[in-house]
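Presented below is the structure to which this report refers.
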Amino acid sequence: MPSSSGGSSNSGGSSNGNNGGSTPSQPETSAPAVELVSSSPLNIGDPIKLISSKVGKVYLVPYAATPTSKTDLESLPDLLVSSVLYANLVTEMQTSSLTAGEYKVYFVDSEGRMSAPSAKIVLQVKDEKGLSIARVNQGSSILVGESGFVLRDIISQELGQEIDQEPNQELDLLESRDINDLIQVKQDGDTLHISYNTDSRRFEVIANGIPLAEIGIQPVPDSSISVEPTEDGVRIWPGMEATESTEASLRFTLYSYTEEEERGAELGQVDLPIRFDFTAPTVTGVTYQDGVITVTTDQQMGALPLVNSITYSPSGAFNGDEHFLLDNVPVIALSEDFKQLTIDITELLLNELPLNENGKFRLVISDLRDAAGNLSDKETTLDVRISNVDPDAISEGE
């Protein structure tokens, strides 16, 4: 520490060239930092433990809030403030007065400098049944196409088909997805099945045939996604103003089970980001080589398209000399990247087709969909020459 006479307290200290005085200490200008010690999610009543780099105050705010200053922080309605008396030591914030939801913390030092926000803190009601909700795959998202999809649970869907449940033709045309592939509810480490109740039109968490909890689904923000419970599942499709660049998510909230119309106590929630894709797939090329026709698309296919017909014309003109090859079923498969469809017609060629360099195969396919469920033209006709072995060649379309 500099002495009052301006000299250094260290005998070996250097001079600043001004009467031999030491360099004045500079004011602290670095931004503070805060780091969570607690892991998320936390039960309400358990303290949030954190460490800050300085002495000051720590603010707990809703995760959706975006304050940029101390004034913004203190203007938030849902706010919890605690003092930090010691830097670089654990400070606890009590949560017994809070409601379930997603939060984050900011730290502000004595000079009013604000830290970056902490990681997300999920507070949930302590459940005597030991239930928790989480994503099946961390970092996963939900792909939504122009027509959307129906969220069900596959076991109940198959059971409904077995008992001749009245079909819904409109929903049956949409892609079905299993909620159990997106989120999971665990009890003491065991994953429970999520079933769709067609009477209450709610998803229920079942253990040994007994409902323990319910799951609500909410779009964030509300205008981004439409969510409609039906008898056959929850229909989910893009909002009117949604584009492929719209940022949105689906919030799955776990509630305690009740037979009343109103929801029970909130036990936890998890958000899954949405990725919008409104562009249907197109065929970029078709080739024939060694008994295999290969169709290439610009996007991943969500399922095998329908092969309606395969014909061969020795002249390539399809003027009455066609040979029809679908008397036997060809071997059809998707490539590992789901961008190529291969049709093996080797067995069909046993009829000794008059192959020549002028000959053409004509392939008619339909129901070409991408991974988001976007449907291409109802029917696509593709011609490919026998001599065409160039993988980059573009097909001749109708």
Self-check item: Enclosure of Q340 CD (heavy-atom neighbours >12, cutoff 6.0 Å)
Solution: yes
Strictly by modelled atom types, are [X] and [Y] linked by a side-chain donor-acceptor pair under 3.5 Å?
| X | Y | value |
| --- | --- | --- |
| R135 | S140 | no |
| E74 | Y59 | yes |
| D337 | S335 | yes |
| E35 | S52 | no |

Practice problem: Answer yes or no on whether R177 is positioned over the face of F149, meaning its NZ or CZ is under 6.0 Å from the six-membered ring centre and within 45° of the axis. | Solution: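 Yes; both conditions hold, so R177 lies above the ring face of F149.
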Exercise. Establish, for the pair R385 and Y288, whether the NZ or CZ atom is under 6.0 angstrom from the six-membered ring centre and no further than 45 degrees off its axis.
Key: no
Self-check item: Short side-chain to backbone donor-acceptor contact, D109 and P32, under 3.5 Å
Solution: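 Such a contact is absent between D109 side chain and P32 backbone.
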Is there a side-chain contact between [X] and [Y] (heavy atoms, below 4.5 Å)?
| X | Y | value |
| --- | --- | --- |
| V331 | I343 | no |
| E247 | P273 | no |
| L250 | I142 | yes |
| L60 | I48 | yes |

Quiz item: Can the ring centres of F278 and F276 be said to be less than 6.0 Å apart?
Solution: yes
Self-check item: Test of ring centre spacing under 6.0 Å for Y63 and Y103
Solution: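 When the ring centroids of Y63 and Y103 are compared, they turn out to be at least 6.0 Å apart.
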Quiz prompt | Shortest non-hydrogen contact from I183 toward I133 | solution =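 Scanning both residues completely, I find the closest heavy atoms to be CD1-CD1, 4.1 Å.
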Exercise. Taking only Lys NZ, Arg NE, NH1 and NH2, and the carboxylate oxygens of Asp or Glu, determine whether D367 and R369 approach each other closer than 4.0 Å.
Key: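 So D367 pairs with R369 through a salt bridge.
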Quiz prompt | Salt bridge K360-E322, side-chain N to carboxylate O under 4.0 Å | solution =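 No.
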Practice problem: Dump the intermediate steps for side-chain hydrogen bond (donor to acceptor under 3.5 Å, both in side chains) on D321 and S315, then the final yes or no. | Solution: CA-CA 7 Å; D321 61 349; S315 67; 2.8 Å; yes
